[in-house]
2 protein chains.
Amino acid sequence: MPAKTAKKPPLPADDETVEIAELGESLGFLLRIAQLRAFEAFFDELSALGLRPGEFTALWLVLRNPGMKQGAIARSLCIKPAHMTKLVDRLVTAGLIERVASPEDRRAVHLSLTPEGETFAAARKDDFLALHQAERGNLSEAEFSDLTRLLKKYSGLD
Amino acid sequence: MPAKTAKKPPLPADDETVEIAELGESLGFLLRIAQLRAFEAFFDELSALGLRPGEFTALWLVLRNPGMKQGAIARSLCIKPAHMTKLVDRLVTAGLIERVASPEDRRAVHLSLTPEGETFAAARKDDFLALHQAERGNLSEAEFSDLTRLLKKYSGLD
DNA sequence: CCAATTTAGTTTCCATGGAAACTTTATCCG
DNA sequence: CGGATAAAGTTTCCATGGAAACTAAATTGG
């Protein structure tokens, strides 16, 4: 049986070692795996919050942009309108944010934190910073900053 | 109406420009946005294929690891067993791969390409390489290679 | 100023993918 | 050997998120 040359030691073919081959250069694949890791970090750190990643992110953005229209928040997070409606519903039900009808445009809705939401965000600020540490994983500070810079450039967020 | 100045200068608050703030340093957020871009690249390039990213990836791995057990493929792609069953079902229905009962372990299933699958993979090899180009997007060769290296390290794929 | 178009958000429906329970087979250990 | 446990896949059910159709309101062109 021909030795299945893996990258490091010339492994004999066992029935578990899979040759990833070109996938190791596939950005789509690597991004998906990396996102799984990042989700793990999120839940390790913030599972006690009762918020999922999307909800947490939206809450944070409302904190930083009080009174912004729902659609503007959704676009900046690349969340589709249909999804945003449901996400905001959950945050409203949780008592963290509120919808305010726009005086100038009666179709539009402005989002802001409730007093409970303010309290919640203030209390969780440290968790958020801890999350950034946890997200770094096994990367050095410099590697982490390279990685975020490259991802921003790739995504067109510069 | 005030001119809506672009992203850079210290903007007065208009009702569309959202302050991303700390999210710009959140790896989870950046990975999600980057993955959306990568999906766009995939569909721009390979939409005519009739395969979704996961199916395409699984097919490629079976091509590179013929006869491997279904579970081993699933683990290496971080696909859960339940999902893998459905994904393989679709590829079998499409006539591209086949399940072969294992002679040593009657619970296990080995996957391999059908002749149609072989033909398909051979014909699409160039598309796969073109996809890698498309995935690079606006990154230079060096940046792309840095990015994939950092993602692999972060994901523990070294 | 009114019809046509566009926009904000919601609703409904569907596809993707995970969790848990289950079936069948293999392994472990007394 | 034979019961307990573990493992490979599958099935069922559920949560997440997108597409399309819809409502209501704003804008635009004639």
Side-chain angles (χ1 to χ4, degrees), chain A residues 14-16 18 28-29 31-33 35-40 42-43 47 50-58 62 67-94 97-111, chain B residues 1 4 15-16 18 28-29 31-33 35-36 39-40 42-43 47 50-58 67-94 97-111:
Chain A
D14 62 45
D15 58 353
E16 184 60 30
V18 174
F29 174 69
L31 286 169
R32 177 170 155 270
I33 303 298
Q35 203 177 22
L36 293 178
R37 292 277 180 280
F39 267 61
E40 281 173 23
F42 179 90
F43 285 113
S47 60
L51 293 182
R52 265 76 54 74
E55 293 161 4
F56 187 80
T57 304
V62 174
M68 188 67 62
K69 283 197 282 182
Q70 177 172 314
I73 299 279
R75 273 187 294 279
S76 72
L77 292 174
C78 300
I79 289 176
K80 292 294 186 300
H83 183 204
M84 189 66 178
T85 294
K86 294 176 246 184
L87 207 164
V88 169
D89 283 347
R90 292 196 295 266
L91 288 170
V92 168
T93 300
I97 73 174
E98 58 191 353
R99 288 186 171 97
V100 179
S102 171
E104 316 112 20
D105 184 339
R106 293 170 49 200
R107 298 166 304 177
V109 168
H110 297 275
L111 300 180
Chain B
M1 177 172 280
K4 175 192 242 174
D15 58 354
E16 183 61 28
V18 174
F29 174 70
L31 286 169
R32 176 170 156 270
I33 303 298
Q35 201 176 24
L36 292 177
F39 268 60
E40 281 173 23
F42 179 90
F43 285 112
S47 59
L51 293 182
R52 265 78 54 72
E55 293 161 5
F56 188 79
T57 304
M68 188 67 63
K69 283 198 281 183
Q70 177 172 316
I73 300 280
R75 274 187 294 279
S76 72
L77 291 174
C78 300
I79 289 176
K80 292 295 187 301
H83 184 204
M84 190 65 179
T85 295
K86 294 176 246 184
L87 208 163
V88 170
D89 284 347
R90 290 196 295 266
L91 288 170
V92 168
T93 299
I97 73 174
E98 58 191 354
R99 288 187 170 98
V100 179
S102 172
E104 316 112 20
D105 185 339
R106 293 171 49 200
R107 297 166 304 179
V109 168
H110 297 276
L111 300 180

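Letters A, B, ... mirror the listed sequences (proteins, then strands); counts begin at 1.
Two residues, A/Lys80 and A/Arg106, neighbour DNA chain D, and the one matched to the more 5' nucleotide by heavy-atom proximity is A/Lys80.
Between B/Ile79 atom CD1 and C/dA19 atom C1' there is a gap of 17 Å when expressed in whole angstrom units. If you take CZ of B/Arg32 and C1' of C/dG17, they are 16 Å apart, rounded to a whole angstrom. Summarising the geometry, the separation between CZ on A/Phe43 and C1' on C/dG18 is reported as 11 Å, rounded to the nearest angstrom. The distance between atom CG of A/Leu51 and atom P of D/dA15, rounded to the nearest whole Å, is 17 Å. Atom P of nucleotide D/dA15 and atom CZ of A/Phe39 are separated by 17 Å, given to the nearest angstrom.
In this structure, B/Glu104 reaches the sugar-phosphate backbone alone: every heavy-atom distance under 4.0 Å involves primed, P, OP1 or OP2 atoms, never a base.
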Side-chain atoms of residues 76-83 of chain A: list all donor-acceptor pairs with protein atoms under 3.5 Å, sequence neighbours left out, distances to 0.1 Å.
residue	atom	partner	partner atom	Å
A/Ser76	OG	A/Ile73	O	2.9

For nucleotides 8-14 of chain D, print each protein N/O atom paired with a nucleotide N/O atom at under 3.5 Å, atom names and distance only.
residue	atom	partner	partner atom	Å
D/dG9	OP1	B/Val109	N	2.9
D/dG9	OP1	B/Val109	O	3.2
D/dG9	OP2	B/Gly71	N	2.8
D/dT10	OP1	B/Arg99	NE	3.2
D/dT10	OP2	B/Gln70	NE2	2.9
D/dT10	OP2	B/Thr85	OG1	2.9

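Annotation: side-chain contact (heavy atoms from CB on, under 4.5 Å) contacts of A/Gln35 (sequence neighbours excluded): A/Phe39, B/Leu31, B/Arg32, B/Gln35. In this structure, B/Glu40 has no side-chain hydrogen bond (donor to acceptor under 3.5 Å, both in side chains) partners at least two apart in sequence or on a different chain. The side-chain hydrogen bond (donor to acceptor under 3.5 Å, both in side chains) check on A/Arg106 picks up nothing, with sequence neighbours excluded.
A salt bridge links B/Glu16 to A/Arg75: one of the charged nitrogens lies within less than 4.0 Å of a carboxylate oxygen.
Pairs passing the side-chain hydrogen bond (donor to acceptor under 3.5 Å, both in side chains) check and including a residue from residues 84-94 of chain A, sequence neighbours excluded, read A/Glu55-A/Arg90, A/Asp89-A/Arg99.
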